[in-house]
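When a ligand or atom number is given, it counts from 1 through the structure's own listing order.
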Amino acid sequence: MKKVFAEDILRDKVAFVTGGGTGITGGVARAFAEHGAKLAIVSRKEESLIPMKQLVEENGRECLAVTADVRDFVEVENAVQRTVEHYGRIDIVVNGAAGNFLCAAERLSANGFGTVVDIDTKGTFNVCRAAFEELKKSGGQILNISATLHYLATPMQIHVSAAKAGVDAITRNLSAEWGRQGIRVNGIAPGPIEDTEGMKRLLPEGLKEKITRKIPLQRFGRIADIENAALFLASDAASYVNGVTLVVDGGQWLMGTSLA
Ligand code: COA
């Protein structure tokens, strides 16, 4: 996809990106680096971070790889501290670390439900909370990666729907509380994005064509579509945008979840 933003819109901004090694949030991290940002990418597993670190560095940008489980506040605090020791500041936080699997509600264990809520919702709060002082100093911003699953009802996804509804509540609350401290807080809700591991794993065989026919724009999203939305929200072009979760789904959720 052709680049639509000037290459230096995030020059010297330090971006702390959880889940920034792979998938949609990996794309966002890479795009931020391509537009001038210095990265700290965070994941539970180092092997999820190394290929992205190498790619970013090969392209002449800086990338710190930090392992931390977003469910553990002390680990998150340490990751923030390492980033500040390395770069001296944090300007942008992206909460992309997430857990996902398909499971009917009657088969889902309490621990399965809680695990996803812990990663997505509590993890998002933990990272925002741990980065608050740095964001306040830099007049920074937060970008929460959400979903559209909870706008209607999405069978097999009760855990993720509940978790992302919580993420949206965090986006709205913090935008109100921390806007006054000069911190913008927004979100992005991607629809079905075709070039991700998650979609390969979660999309039942043969459903892609049926779903495509129901998307008003008649195609699945691409990681680049989310990158561009994130670049806009992170840039000065969005300096008066606060408390919004931008839906990037080709109009899909408006059509409902039924495939009829
Ligand atoms: N179906 C039903 N329950 C599941 C499940 C599945 N596919 N995967 C995990 N669970 C349940 C487990 O059974 C466990 O509950 P239990 O103790 O009652 O049995 C609970 O969730 C925790 O699972 P566990 O694998 O021990 O947790 P974890 O912290 O190591 O990992 C996930 C949690 C969600 C990250 C893990 O399931 C996973 O790796 N998912 C795929 C990767 C992913 O989600 N990537 C993000 C793409 S958007």
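Glu77 and Gln81 form no side-chain donor-acceptor contact under 3.5 Å, judged by distance and modelled atom types alone. No hydrogens or angles considered: nothing links the side chains of Glu75 and Asn126 as a donor-acceptor pair under 3.5 Å. Side-chain contact annotation: Asn100 with His159, donor-acceptor N/O pair under 3.5 Å absent.
For Arg44, every heavy-atom contact with ligand 1 shorter than 4.0 Å involves the side chain, none the backbone. At a heavy-atom distance under 4.0 Å, only side-chain atoms of Thr115, from C-beta outward, approach ligand 1. Of the heavy atoms in Cys103, only side-chain atoms (C-beta onward) come closer than 4.0 Å to ligand 1. Residue-level proximity to ligand 1 for Met199 is absent, since no heavy atom of it falls below 4.0 angstrom.
Summary of contacts: the protein heavy atom closest to atom 46 (C) of ligand 1 is Ala98 O, 3.2 Å. Protein heavy atom closest to atom 6 (C) of ligand 1, with residue, atom name and distance, is Phe101 CD1, 3.3 Å. In this structure, atom 17 (O) of ligand 1 lies nearest to the protein heavy atom Asn111 ND2, 2.8 Å. For atom 11 (C) of ligand 1, the closest non-hydrogen atom of the protein is Gly112 CA, 3.7 Å. For atom 32 (C) of ligand 1, the closest non-hydrogen atom of the protein is Ile119 CD1, 4.4 Å. Regarding atom 42 (C) of ligand 1, its nearest protein heavy-atom neighbour is Arg201 NH2, 3.8 Å. Of all protein heavy atoms, the one lying nearest to atom 40 (N) of ligand 1 is Asn100 O, 3.9 Å.
The ligand atoms of ligand 1 that sit less than 4.0 angstrom from a heavy atom of Ser109 are 15 (O), 16 (P), 18 (O). Set against the non-hydrogen atoms of Arg71, the atoms of ligand 1 under 4.0 Å away are 29 (O). Listed by number with element, the atoms of ligand 1 under 4.0 Å from a non-hydrogen atom of Gly99 are 34 (C), 44 (O).
For atom 13 (O) of ligand 1, no protein non-hydrogen atom is found at a distance below 4.0 Å. Closer than 4.0 Å to atom 38 (C) of ligand 1 lies none of the heavy atoms of the protein. Atom 24 (P) of ligand 1 lies below 4.0 Å from none of the non-hydrogen atoms of the protein.
Using a 4.5 Å cut-off on side-chain heavy atoms (C-beta onward), Arg82 and His86 make no contact. Side chains of Asn144 and Val185 form a contact here, defined as non-hydrogen atoms less than 4.5 Å apart.
Of all heavy-atom pairs spanning Pro192 and Ile215, the tightest one is CG-CD1, 3.9 Å. The shortest heavy-atom contact between Ile158 and Phe113 is O-CE1, 4.0 Å. Of all non-hydrogen atoms in Ala79 and Val66, the two that sit nearest each other are CB-CG1, 3.6 Å. The minimum heavy-atom distance between Tyr87 and Leu39, with the atom names listed, is OH-O, 2.7 Å.
Ring planes of His35 and Phe5: perpendicular class, angle over 60° (limits at 30 and 60°).
With Phe32 as the aromatic partner, Lys13 does not meet the cation-pi criteria of under 6.0 angstrom to the ring centre and within 45 degrees of the ring axis.
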